[in-house]
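Residue numbering restarts at 1 for every chain, and letters A, B, ... go by the order of the sequence lines.
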Amino acid sequence: MLNHITKTYNDGDIVAIDDFSLNVEKGELFGLIGPDGAGKTSIFRILTTLLLPDKGMATVVGYDVVKEYNAIRGCVGYMPGRFSLYQDLSVEENLTFFATVFGTTIQENYYLIKEIYEQIEPFKNRRAGKLSGGMKQKLALCCALIHKPEVLFLDEPTTGVDAVSRKEFWEMLKRLKAQGITILVSTPYMDEATLCDRIALMQAGKILSLDTPDNIVKAYPVNLYAFKDENIYTLQQNILANELTESCFPFGENLHVTLKDETDSSLQDLLKSLKERGHEQIEHQKITPVIEDCFIRLMKE
Amino acid sequence: MRTLKFLLRKEFRQIFRNKSILPMIFVVPILQLLILPLAADYAIKNISLAVVDHDHSPYSQKLISKITSSGYFQLTGFCDSYKTAMNLVEKDEADLILEIPEGFEKNLIRESEQKLFVAANAINGTRANLGGVYLGSILRNFNSEVRMEWIPVTRFSPLATIEITSSNWYNPHLNYNYFMVPGILVILVTMMGGYMAALNIVKEKEIGTIEQINVTPIKKYHFILGKLIPFWVIGAMVFTVGMLVSWLVYGIVPLGSIALLYGYLAAYLLSVLGFGLLVSTYSETQQQAMSVAFFFVMIFNLMSGLYTPIESMPDWARMISHFIPVTYFVEVMRMIVLKGSEFHNIITHLVAILLIALVLNVWAILNYRKTSS
């Protein structure tokens, strides 16, 4: 579907995307996961023909992003990270406008957006600029879908959206996927990664790992422990100071710790030395890593 | 075609929804045309004059009343000495001092010769200069009247005199408004067209909607036409409102063909919109666009020959004014409105403006391509 993306994009001296290759299958819900500045938006802009790559080539639905950009524009939907519809046009006018410029009508593909549009329909005469954040996002999704695109690009669709709306949004994406639309979504939130079929963990324009979320977690090479105590800050200081520790970082209310030596005795030694330093109430448990653990580990490598 | 039609509909909808644009189209031209010609009038009036009359004779009285009745002067001081008159100048209450010496009438009659003293406050050079000239011509007039009274009428004048009679063509009463109003109208159309087109396109960049447009199959030229046509129409509307105002308020009716005027306007707007488009391709925000456009419009205004004749500018400035679209339209406006010029008189102007329009638009489109693939 999207195959063979290899490109270095060099904006001045800043390498935003460094020799990046990616292949997304048709009908897949693919996630680009990475912190701000990882190059996610640049990839989206190249694939949606808004930006020219310096090197390499990319295709979308078999069309070359440079030579056949017009064909691509007709069959992809793009929802940028920033709300960019006409604020001074109403909800309905925006939707009609985008339907018309794609040479279609709202009625023709209404079935695709029906579920989403019904939620914002009561406000259809309101100016888009006066909608709430969640409604703006729904309208933007409707506008990106109205021409029944084969591929949908969603650039950080859930950034700045509350937890409930985020959950709803991912459910909408799953239903769209069921309609056979390929979806490429980027997000800085690691917890959303598990909702994708496959993900690419990105950092500084490079792929750290590319696989299904499950496989990425399974590939975590060492045992991971969660430590908990009343004073988490001094606990972290003490764990880091210990020579047995490989890494230790705060994760929610726990500390996630890996050890240099995988043996059980090494864990016991660490616990013992921590108790000597006054951490009497220490709780520990072996846990399955989540994507964020994988990301942090990969980032360090 | 359908896309273009829809783009236009959207564009007009947005324009008319914008609360500040409609008043801009109608109120601004009316106000500017009412206010600016009065303020930009070069005919100097109300020059304040202080008179020092040492003579107090019927002749000096006659001279003074002749001066004040000319309408150009306002008698602000009637002083006993030059010194007190000078005080008035220092206080900025007088621009000119006229000193009539003692025995003015006596000497005038006896020796048929007299000298007057005129002093002018030259801080405002034009004012002092013109004031002096006006006063001089009134005095000459007075002089010849006196001569008429005293020199017996002979068949041939003993002195050979050359009298100059001039007749003012096209604007016989030297009405300054006839000269300024058409020019100001040009500036109005330029500002409305140039600024609004530039700002409108940059606004799409600023709020990101251009990204959304760029991922649609809309063709570049559709998008650009969709932007230019509305402002072309608005430019013509502003012009029409302005023409109505100058007819109703100043009684200016174009001598030449109105169709020709609008034909030239059409070509002129192409160049102005090209300018706006070009500015927009170089700016990322409305603020940048505004500053850049303002800088150029300022130069356009001052170097276009609207206020000061191009012929009296230095050579380099004259060169520049040839590249300014405003120059041509100001000239054409004056030619058609005041002189009733016809098509063959303005062909060179038309060619020039079309060339400028072509260069600006091509440049803008090339630059637009470069910045976004």
Check your understanding: Is the distance between the ring centroids of A:Tyr69 and A:Tyr63 under 6.0 Å?
Key -> no

Check your understanding: With a 6.0 Å cut-off on ring centres, are B:Phe329 and B:Tyr264 close enough?
Key ->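 Distance test on ring centres: under 6.0 Å, yes.
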
Check your understanding: Quick one: what part of A:Phe98 sits under 4.5 Å from any heavy atom of chain B, side chain, backbone, both or neither?
Key ->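 Side chain only.
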
Point to revise | side-chain contact (heavy atoms from CB on, under 4.5 Å) assessment of B:Ile187 paired with B:Phe300 | key: CA-CA 9 Å; B:Ile187 292 298; B:Phe300 285 3; 5.7 Å; no

Exercise for review: Can you check whether anything in residues 5-14 of chain B gets within less than 4.5 Å of chain A, heavy-atom wise, and list it by number?
Suggested key: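 Answer by number: B:Phe6, B:Leu7, B:Lys10, B:Arg13, B:Gln14.
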
Exercise for review: Pick whichever of A:Ile72, A:Thr96, A:Val101, A:Val76 has the most heavy-atom pairs under 4.5 Å with chain B.
Suggested key: A:Val101

[X], [atom1]: over 12 other non-hydrogen atoms inside 6.0 angstrom:
| X | atom1 | answer |
| --- | --- | --- |
| B:Phe323 | CZ | no |
| B:Trp363 | CH2 | no |
| B:Phe294 | CZ | no |

Review point. Can you list the residues that meet the side chain to side chain contact (heavy atoms under 4.5 Å, CB included) rule with B:Leu360, with sequence neighbours excluded?
Key: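 Expected list: B:Phe275, B:Leu278, B:Ile356.
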
